[in-house]
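One structure is given below, encoded as structure tokens.
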Amino acid sequence: MTAHSPHAFKGANLDAARRDAAHFINGEFTQGATGKSWINRSPLDNSVIGNVPEGGKAEIDAAVRAAKAALHGPWGRMTVAERTDMLAAVADEINRRFDDFLAAECLDTGKPMSLASHIDIPRGAANFKMFADTVKGISTETFTMPTPDGKGALNYALRKPKGVIAVISPWNLPLLLMTWKVGPALACGNTVIVKPSEETPLTTTLLGEVMNKVGVPKGVYNVVHGLGPDSAGEYLTQHPLVNGITFTGETRTGEAIMAAAAKGVRPVSFELGGKNAGIVFADCDFDKALAGITRSVFENCGQVCLGTERVYVERPIFDRFVQALKAKAEGLKMGDPHAPGVTLGPLISAEHKAKVLSYYAKAREEGAVVVTGGGAASMGGALERGHWVQPTIWTGLPESSPIIREEIFGPCCHIQPFDTEEQVLAWANDTTYGLAASVWTTNLQRGHRMAAAVEAGLVWVNSWFLRDLRTPFGGAKQSGIGREGGVHSLEFYTELKNVCIKL
Ligand code: NAD
Ligand code: 6OD
């Protein structure tokens, strides 16, 4: 059920999407009262998109109180059918305004329209529709039990909404990742306050218009913009009326949020960083493995938590694979999101570009063989002011290198030859992360064996980022806490209540 778009994107106009962002609190757009704001700039050319207000404690408090009140208003009184119909209508409205969402997302992130029209925006709609369908179909357990009087008792469980949920989201797939949490939260009857990434405020704001159009009651969906520490993000995690925090972002940020959640013993659901392995056996279908690894390394300019930064290739096909991946990397076309054939956008920000380039420099210092790339990309014209880097491949580093151990989050990978399944498994698992892996082989037994042995929340065999939204999604080790997707999301977004009736 990977989302595919039937939509052409000819009507999506980036310039028309340039606008100021606004908080969305209790059904109304507002600039808030802090008087603080920042300028949102396009990663394509650093041009001004618009102003973004920075929320403070008062805006967070207003949003949380609106969300709390909405739990006891019309939203809280809706039947499951009424609520899920409303969320299906949200999905329909996102699809109706497809080009508006597409333009906003591509302007904020710089990603190619061919990518966002295929993945980001369709998934924004699908996340509401799928969780609405899931919640309609759930049941809970019942038990009858004997009692001394012989009449027995009946136990059944009720799933109740957890309450006010804080959703803190990153910039790499802004609409997709935010709705991946807002969809199930609302389907389960909760209310939300979203603190989107400061880099990508537009689609979260636009979703407020959709909520009003569809008639979602005031206070159910709220947005407060701001930064993380000493700003809206931190204030949201500290608010005592927040009943749970769901977060996608860096592992270090997760640690800070977990510390804040400890006060009041609030539950968390975390989707964090990764340093994922792509393992290519000599018996693979070479062309399919090459296409899959190319996507997993370079898609979204390498800014995908599930992306591959460590490629391991069995020695008999190592040289051929390195040369073939080099040709693929050099064949990627960088440019404007709507230019024909563009497959690679810029990095999200000047700060992130500096981080990625610092790893490019470190790789050289450590003696890596630079197969291709290794520096900033010169784009010419206005794009020269954007955050472009070359797709990059290295070989020749030891497994202890920071290039192989730390998440870079750029369009780059290191390729290592391996000789045995045991050796590659040990390397793949020698990481503090455990998000995802892909294994490329035509040997089914090996595929099953590796899938079971790799320490990760998701293992793809002969594919990558092929998503059935009903399946458990999340990371092992420092890549996350909990699983979301299908019925698994209910574990976090609902409170199970047992009712025991003496008969
Ligand atoms: P980030 O952790 O820097 O920021 C994410 C969000 O947290 C932003 O909205 C930010 O403002 C907020 N934030 C930062 N500090 C905070 C604090 N102290 N309290 C509350 N909120 C705070 O992450 P990013 O740079 O936006 O995203 C990239 C990272 O996200 C990568 O590490 C990537 O692997 C990870 N990621 C993981 C998944 C997954 O599913 N596992 C998916 C996407 C991205
Ligand atoms: O597909 C998803 O549901 C998901 N959460 C993807 C995460 C991608 C990370 O960048």
Side-chain angles (χ1 to χ4, degrees), residues 1-3 54-55 60 109 119-120 122-124 126-127 130-131 166-181 183-184 194-201 204 223-239 242 245-261 268-276 296 299-300 302-307 309 347-349 351-352 355 406-410 433-436 456-458 464-486 488-489:
M1 274 200 331
T2 300
E54 180 179 353
I60 288 292
T109 60
I119 293 188
D120 300 63
R123 271 292 302 277
N127 288 342
M130 187 276 294
F131 284 110
V167 177
I168 301 181
S169 51
W171 45 258
N172 60 326
L173 301 159
L175 181 71
L176 186 161
L177 291 170
M178 180 264 293
T179 54
W180 178 241
K181 288 162 179 309
V194 182
K195 208 301 281 172
S197 168
E198 48 275 36
E199 307 287 359
T200 50
T204 316
V223 178
V224 179
H225 296 286
L227 312 177
D230 295 322
S231 184
E234 188 175 305
Y235 303 150
L236 179 58
T237 63
Q238 291 171 339
H239 199 292
V242 166
I245 304 171
T246 180
F247 166 73
T248 302
E250 283 192 33
T251 297
R252 262 176 314 162
T253 312
E255 287 173 347
I257 292 176
M258 202 166 175
V268 295
S269 175
F270 283 171
E271 295 178 4
L272 307 176
K275 188 72 183 178
N276 311 305
S296 76
E299 194 157 276
N300 209 36
Q303 302 166 119
V304 181
C305 60
L306 308 162
E309 291 188 355
L347 292 171
I348 190 70
S349 63
E351 189 190 6
H352 191 50
K355 175 185 161 183
E406 296 169 15
E407 184 186 53
I408 301 172
F409 224 53
Y433 293 111
L435 187 56
L458 301 111
W464 178 76
F465 209 165
L466 182 59
R467 295 276 290 114
D468 182 326
L469 306 186
R470 297 167 299 185
T471 58
F473 181 99
K477 301 199 257 185
Q478 291 184 27
S479 287
I481 296 179
R483 295 291 181 271
E484 297 200 21
H488 308 282
S489 291

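One-based numbering, in listed order, for ligands and for the atoms of each. The shown structure was predicted, so the numbers you read here are calculated from the model rather than taken from an experiment.
Summary of contacts: the protein heavy atom closest to atom 37 (C) of ligand 1 is Leu272 O, 3.0 Å. Counting only heavy atoms of the protein, atom 31 (C) of ligand 1 lies nearest to Glu407 OE1, 3.4 Å. With hydrogens left out, the protein atom closest to atom 4 (C) of ligand 2 is Phe473 CZ, 3.5 Å, a heavy atom. At the shortest separation from atom 39 (C) of ligand 1 among protein heavy atoms lies Cys305 SG, 3.2 Å. Ranking the protein heavy atoms by distance from atom 28 (C) of ligand 1 puts Phe409 CE2, 3.7 Å first. Regarding atom 23 (O) of ligand 1, its nearest protein heavy-atom neighbour is Glu250 N, 3.5 Å.
Between Cys305 and ligand 2, an N or O atom pair is found at a separation short of 3.5 Å. The N/O atoms of Gln303, backbone and side chain alike, include none that comes under 3.5 Å of an N/O atom in ligand 2.
Heavy atoms of Pro196 approach ligand 1 to within less than 4.0 angstrom. Between Arg123 and ligand 2 there is a heavy-atom distance shorter than 4.0 Å. Remark: distances from the non-hydrogen atoms of Pro229 to ligand 1 include one below 4.0 Å. For Phe473, the closest heavy-atom approach to ligand 1 falls below 4.0 Å. Distances shorter than 4.0 angstrom do not occur between any heavy atom of Gly475 and any atom of ligand 1.
Residue-ligand proximity, Lys195 to ligand 1, at heavy-atom distances under 4.0 Å covers atoms 8 (C), 9 (O), 10 (C), 11 (O). Interface of Trp171 with ligand 1, defined as ligand atoms under 4.0 Å from a residue heavy atom, comprises 24 (P), 25 (O), 26 (O), 27 (O). Listed by number with element, the atoms of ligand 2 under 4.0 Å from a non-hydrogen atom of Leu177 are 4 (C), 5 (N), 6 (C), 7 (C). Ligand 1 places these atoms under 4.0 Å from at least one heavy atom of Thr253: 1 (P), 2 (O), 3 (O), 7 (O), 13 (N), 14 (C), 15 (N), 16 (C), 22 (C). For ligand 1, the atoms closer than 4.0 angstrom to any heavy atom of Thr248 are 5 (C), 36 (N), 37 (C), 38 (C), 39 (C), 42 (C), 43 (C), 44 (C). The atoms of ligand 1 that sit less than 4.0 Å from any heavy atom of Leu435 are 41 (N). Set against the non-hydrogen atoms of Val304, the atoms of ligand 2 under 4.0 Å away are 10 (O). Using a 4.0 Å cut-off to heavy atoms of Phe247, the atoms of ligand 1 that qualify are 2 (O), 5 (C), 6 (C), 7 (O).
Panel note: side chain Asn276, backbone Cys305; a donor-acceptor pair is recorded below 3.5 Å. A donor-acceptor distance shorter than 3.5 angstrom exists from the side chain of Thr251 to the backbone of Gln478, with no hydrogens or angles considered. Remark: the backbone N or O of Ile408 is paired with a side-chain donor or acceptor of Glu309 at under 3.5 angstrom. Judged by distance alone, the side chain of Ser479 and the main-chain N or O of Gly273 form a donor-acceptor pair under 3.5 Å. Proximity of a side-chain donor or acceptor of Glu234 to a complementary backbone N or O of Ser231 within less than 3.5 Å is not detected. Checked by atom type and distance alone, the side chain of Asp468 pairs as donor or acceptor with a backbone atom of Arg470 at under 3.5 Å. Side chain of Thr179 to main chain of Leu175: a donor-acceptor pair is present (N/O by atom type, distance under 3.5 Å, no hydrogens or angles). Looking at Lys195, its side chain does come within 3.5 Å of a backbone N or O of Gly226 through a donor-acceptor pair.
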Show, in sequence, the C-alpha distance, side-chain angles and deciding distance for Thr109 and Leu173, and conclude whether the side chain to side chain contact (heavy atoms under 4.5 Å, CB included) test is met.
CA-CA 8 Å; Thr109 60; Leu173 301 159; over 6 Å; no
For Asn172 and Leu177: C-alpha separation, side-chain torsions, deciding distance, then whether side chain to side chain contact (heavy atoms under 4.5 Å, CB included) applies.
CA-CA 8 Å; Asn172 60 326; Leu177 291 170; 3.2 Å; yes
Before giving the answer on side chain to side chain contact (heavy atoms under 4.5 Å, CB included), spell out for Trp171 and Gln303 the whole-Å C-alpha distance, their side-chain angles and the decisive distance to 0.1 Å.
CA-CA 9 Å; Trp171 45 258; Gln303 302 166 119; 3.2 Å; yes
Show your reasoning for whether side chain to side chain contact (heavy atoms under 4.5 Å, CB included) applies to Phe131 and Ser489.
CA-CA 9 Å; Phe131 284 110; Ser489 291; 3.3 Å; yes
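Considering only heavy atoms from C-beta on, Trp464 comes within 4.5 Å of Glu299 through its side chain. Counting heavy atoms from C-beta on, the side chains of Ser269 and Ile481 never come closer than 4.5 Å. Within the 4.5 Å cutoff, side-chain heavy atoms of Ser349 are placed close to those of Glu351. The shortest distance between side-chain heavy atoms of Ser169 and Val194 falls below 4.5 Å. Put simply, the side chain of Arg123 reaches to within 4.5 Å of the side chain of Leu469, judged on heavy atoms.
With a 4.0 Å cut-off on non-hydrogen atoms, Asn172 touches ligand 1 through its side chain and not its backbone. With a 4.0 Å heavy-atom cut-off, ligand 1 is reached by the side chain of Leu177 but not by its N, CA, C or O. The part of Glu271 lying near ligand 2 is the side chain, judged by heavy-atom distances below 4.0 Å. Contacts with ligand 1 closer than 4.0 Å are made by no heavy atom of Leu306, backbone or side chain. With a heavy-atom cut-off of 4.0 Å, Ile168 touches ligand 1 through its side chain alone. Using a 4.0 Å cut-off between heavy atoms, Leu173 contacts ligand 2 through its side chain alone, with no backbone atom that close. Residue Leu469 does not touch ligand 2, judged by heavy-atom distances below 4.0 Å. Of all the heavy atoms of His352, none lies under 4.0 Å from any atom of ligand 1, so neither backbone nor side chain is involved.
The existence of a salt bridge linking Lys275 and Glu407 is excluded, since no basic side-chain nitrogen approaches an acidic carboxylate oxygen closer than 4.0 Å.
Around atom 35 (C) of ligand 1, the closest heavy atom drawn from Gly249, Gly233, Pro201 belongs to Gly249. Closest heavy-atom approach to atom 10 (C) of ligand 1 within the set Glu351, Glu271, Glu198: this belongs to Glu198. By heavy-atom distance, the residue among Gly228, Ser169, Pro170, Ser349 lying nearest atom 8 (C) of ligand 1 is Ser169.
Using a 3.5 Å distance cut-off with no hydrogens or angles, the side chains of Trp180 and Glu271 do pair a donor with an acceptor.
Within a 4.0 Å radius of atom 4 (O) of ligand 1, the protein contributes no non-hydrogen atoms.
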